[in-house]
Amino acid sequence: MTAPATTAATTGTAEAPAPAPKALYVYGIAPAGIRSPRSPGVDGAPVRLLSDSGLCAAVSDAPPRLRAPAP
């Protein structure tokens with residue numbers, strides 16, 4: 001499972017800051033092919049599956065209260 005990379009176009013001007021990456025709450029890892037969870041996640045967020053290399057992770061977007069503070 002890989003997060004999409006963000007790249008900025010190089011036009012010779014100052015680059016805009018990259019958007020902050022989305023934080024995910026991971027509930028568990030299982031073999032690929034299981035059904036998506038039907039129960040809501042933390043703070044009612046929808047839970048979805050991310051699959052790669054024969055495994056999947058049940059995840060939801062992490063609510064701001066559970067995210068690490070910015071450096």
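Bear in mind the structure is a predicted one, so any value in this text is a computation, not a measurement. Hydrogens, waters and symmetry mates play no part in the numbers below; they use all other heavy atoms, side chains included.
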Determine all donor-acceptor pairs shorter than 3.5 Å in which one atom belongs to a side chain in residues 38-50; sequence neighbours excluded.
unit_1: D43; atom_1: OD1; unit_2: R65; atom_2: NH2; d: 2.9
unit_1: D43; atom_1: OD2; unit_2: R65; atom_2: NE; d: 3.1
unit_1: R48; atom_1: NH2; unit_2: D61; atom_2: OD1; d: 3.1

Which atom of R67 lies closest to which atom of A62, heavy atoms considered
NH2-O, 2.7 Å

What is the minimum heavy-atom distance between P31 and C56, and which atoms define it?
O-SG, 3.5 Å

List the residues meeting side chain to side chain donor-acceptor pair (under 3.5 Å) with R35, not counting sequence neighbours, and say none if there are none.
none

Would you list the pairs meeting ring-ring contact (aromatic ring centres under 6.0 Å, His included) in which at least one residue belongs to [range], sequence neighbours left out?
range: residues 28-58; result: none
range: residues 28-58; result: none
range: residues 22-44; result: Y25-Y27
range: residues 28-55; result: none

